[in-house]
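Here is the structure we will look at, set down as structure tokens.
Side-chain atoms are counted along with the backbone in the values below, which use heavy atoms only and exclude waters and symmetry mates.
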Amino acid sequence: MPTIIALDASLSMLRPVPGRNEHTYQSLALKGIQHLLDNLTGAGKLEHLALVSYTTVCELKVDFTRDYDQIRQAIKKIEPLDKACLMTMLKTSVSLMATWGTQNLLQLVVFTDCGPGFGSTSIAGFLECYVGKETEQEYAWLKTLANYNLNFICLGVHGDSYFTRGLTLHQQLLDVAALKGQLFTTKPMKSGAESGDATTGGSHKSELGRTAVFELIERLCESSYKSTEVTLKCGHYFRMESQVLLWPPPMPYEQGALYGGDATIRHIEQRIDICGFLALSDIGSPATLSRHWILPKVDREKPSRRSGGLGAVAKPPKLTLDTGNPHYELEKLEQDIRDFYTKDAKDTEESGDDADVVVLKHSSTSQSEQQKDTLCVLLHGALKLENMAALVLLGEKWYGFIYSYTDTKKKSNLMLNILPPGSNVIPWLGDLELLGFPEDLTPGETASFPVRAERRSYSQSSVVWIRQASLQSDVQKVLRHAKKMPDKTQHFYKELNRIRRAALALGFVELLEALALLLEKENAQLTLNGVSTECTLQLQHAATELRKTSNRDIKSTIVPLQKATAAEASATAPAAPAGYLY
């Protein structure tokens, strides 16, 4: 989920905040960026961030990186210059994001005092020119921008008319251009504007400050940078499940309407089941909606103490059984198994001091998070070692696959690729609901999937004769090999068959007759010069084969004249006269 942090570097950002002379809008923006970086660092430093500053021009300060210290150092060197031009920054962001494609969730976070701008570069001037000309090529970049998430951190107080006017124009821009965006603003004061002057220091004392900016960042992270927590389950044994985090969070999928109905919005379920395992070579590279990291969830809980000073064994949560559920019997059986193993652990713990020490050595809540068992580590190691992927069920007829992805030579991650909804989304595998085990095949039966091509079309060298020089070069290559026979006999026939197949594929049959004439002319020339008889026999053989109707099939191949046949032909053939041979 690449993110561009855009900082408004206009002169208006140097104004002191009303009621807070110790802060300017720029200083609060810098504190907000620092807090955003701290939040992303705590989440695991998984985001690629870039920093830009904009006035009448937009300048890239730090390119996309995971080294957040570069951004922390760069924001201290930004100095305000002149007026703000939001549209220039948005156009530059589109060009910067172009390298990430359309399958990534792209974020744009703008720290600004919501200045409306001046003249033709203002937001109001843009809206006047844009209305009624939405389909023109000049505004095509807005369609790309509509795929991004625009988050504006609006620094201002609601008693300031400059701020409220700019706030209204920013919202109009989002609505008119159909952009996905959100304006994060502070809460207006309940008392102050109603009871007295809105410009007094007391009315703004708690409306905009460092704490208020931090609250805006927390709201931003909660809405755009919060991991999706799901349960990953493998098999039907209750111990083979784990709480995991998906990053970036999967976006809802809008499924098109069928037969004139309404479009439906689909979300992945909170429980992901592993259906089976496939070789990565069988899956290949199908079209996917998005990719996500799978991270183990780490609970930072305080250890509980018993009377003896040792931690108690944590009990697994009980399942809420619904008798109306069709899977009630299976869930009840699962709960019984869970209770059975929990009871064994409890009895062993209470049996004595020695047993207590043995149990707590493995299950104490005081052990470090790195020592806890997690399904992610087991699954990642197995998939990486076996070079396989796990097919998972994300919802009703909605699949994905989990595999080990190597980012660098030393770093490897567990990744989830989400496929489009449906069971027949990988054509060479067929219907995913009909996949089975190799052991289910009857003796002598072979699996029909995956379908493999014997010769890949894109791996074969193709002949291109767009220009005359290309055709001439290929013909000259054949003649060069002809002069070096018998040493280059195999190369000669290889190039000859290559040109013959290309000519037949294009319907250029006249080329075959012209090539036969050239070979006969070359044969006559070599005979006058006293070249070996084998060379002249191969040239005559090739010319004859080119004229045969049976060799007009593109699948046929002209093979060299065998040595025994060549010796018989040379003994019985009369001396060749000078000139052409027919």
For [X] and [Y], indicate whether the former's side chain and the latter's backbone hold a donor-acceptor pair under 3.5 Å.
{"X": "Gln538", "Y": "Leu561", "value": "yes"}
{"X": "Asp553", "Y": "Lys555", "value": "yes"}
{"X": "Thr41", "Y": "Leu37", "value": "yes"}
{"X": "Ser473", "Y": "Ala469", "value": "no"}
{"X": "His491", "Y": "Ala482", "value": "no"}
{"X": "Arg500", "Y": "Asn551", "value": "yes"}
{"X": "Thr527", "Y": "Asn523", "value": "yes"}

Any donor-acceptor pair under 3.5 Å linking the side-chain atoms of [Y] with those of [X]?
{"X": "Gln182", "Y": "Asn151", "value": "no"}
{"X": "Asp8", "Y": "Ser10", "value": "yes"}
{"X": "Thr557", "Y": "Tyr493", "value": "no"}
{"X": "Asp82", "Y": "Thr55", "value": "yes"}

For Ile265, is the CD1 atom crowded, meaning more than 12 foreign heavy atoms sit under 6.0 Å from it? yes

Crowded around Lys477 NZ? As in, over 12 foreign heavy atoms under 6.0 Å? no

What's the verdict on salt bridge (Lys or Arg N to Asp or Glu O under 4.0 Å) for Glu59 and Lys61, showing C-alpha distance, side-chain angles and the deciding distance? CA-CA 6 Å; Glu59 182 180 358; Lys61 296 295 185 180; 3.2 Å; yes

Please give me the minimum heavy-atom distance between [X] and [Y], naming the atom from each residue.
{"X": "Met97", "Y": "Ile4", "result": "CE-CG1, 3.5 Å"}
{"X": "Ser470", "Y": "Trp465", "result": "C-CD1, 4.0 Å"}
{"X": "Ala516", "Y": "Leu546", "result": "N-CD1, 3.9 Å"}
{"X": "Cys376", "Y": "Leu295", "result": "SG-C, 4.3 Å"}
{"X": "Asp474", "Y": "Ile499", "result": "O-CD1, 3.4 Å"}
{"X": "Ala6", "Y": "Leu108", "result": "CB-CD1, 4.4 Å"}

Distance from [X] atom [atom1] to [Y] atom [atom2], nearest 0.5 Å?
{"X": "Met485", "Y": "Phe492", "atom1": "CE", "atom2": "CZ", "value": "4.5 Å"}
{"X": "Ile71", "Y": "Ile5", "atom1": "CD1", "atom2": "CD1", "value": "5.0 Å"}
{"X": "Leu49", "Y": "Phe64", "atom1": "CG", "atom2": "CZ", "value": "8.5 Å"}
{"X": "Leu479", "Y": "Glu522", "atom1": "CG", "atom2": "CD", "value": "6.0 Å"}
{"X": "Leu391", "Y": "Cys275", "atom1": "CG", "atom2": "SG", "value": "5.0 Å"}

Would you mind writing out the side-chain donor-acceptor pairs for residues 393-405 within the sub-3.5 Å range, not counting sequence neighbours?
unit_1: Trp398; atom_1: NE1; unit_2: Leu419; atom_2: O; d: 2.7
unit_1: Tyr403; atom_1: OH; unit_2: Asn417; atom_2: OD1; d: 3.2
unit_1: Ser404; atom_1: OG; unit_2: His380; atom_2: NE2; d: 3.3
unit_1: Ser404; atom_1: OG; unit_2: Ser412; atom_2: OG; d: 3.0

Show your working on salt bridge (Lys or Arg N to Asp or Glu O under 4.0 Å) between Arg547 and Glu513 and close with a plain yes or no. CA-CA 7 Å; Arg547 290 194 174 96; Glu513 179 62 27; 3.2 Å; yes

Give the C-alpha distance, both sets of side-chain angles, the deciding distance and a yes or no for side-chain hydrogen bond (donor to acceptor under 3.5 Å, both in side chains) between Ser93 and Tyr148. CA-CA 10 Å; Ser93 300; Tyr148 304 168; over 6 Å; no

Using distance only, find each side-chain donor-acceptor pair of residues 382-390 under 3.5 Å and give its atom names and separation, not counting sequence neighbours.
none

Let's go through Glu495 and Arg498 carefully: what are the C-alpha distance in whole Å and the side-chain angles of both, what is the deciding distance for salt bridge (Lys or Arg N to Asp or Glu O under 4.0 Å) to 0.1 Å, and is it a yes or a no? CA-CA 5 Å; Glu495 294 298 327; Arg498 177 171 171 265; 3.4 Å; yes

Pair Trp428-Asp282, side-chain hydrogen bond (donor to acceptor under 3.5 Å, both in side chains): steps then yes or no: CA-CA 8 Å; Trp428 51 90; Asp282 293 343; over 6 Å; no

Would you call Leu173 and Leu90 a side-chain contact if the rule is heavy atoms closer than 4.5 Å? yes

If you define the side chain from C-beta out and look only at heavy atoms, does anything of Cys535 sit under 4.5 Å from Leu526? yes

side-chain contact (heavy atoms from CB on, under 4.5 Å) between His48 and Arg66: does it pass, once the steps are laid out? CA-CA 5 Å; His48 285 89; Arg66 285 182 180 170; 3.3 Å; yes

Before you tell me yes or no, could you show the steps for Lys484 and Asp487 under salt bridge (Lys or Arg N to Asp or Glu O under 4.0 Å), namely the whole-Å CA-CA distance, both residues' side-chain angles and the distance that decides it to 0.1 Å? CA-CA 6 Å; Lys484 296 179 181 180; Asp487 296 336; over 6 Å; no

Is a salt bridge present between Lys548 and Glu545, judged by a nitrogen-to-oxygen distance below 4.0 Å? yes

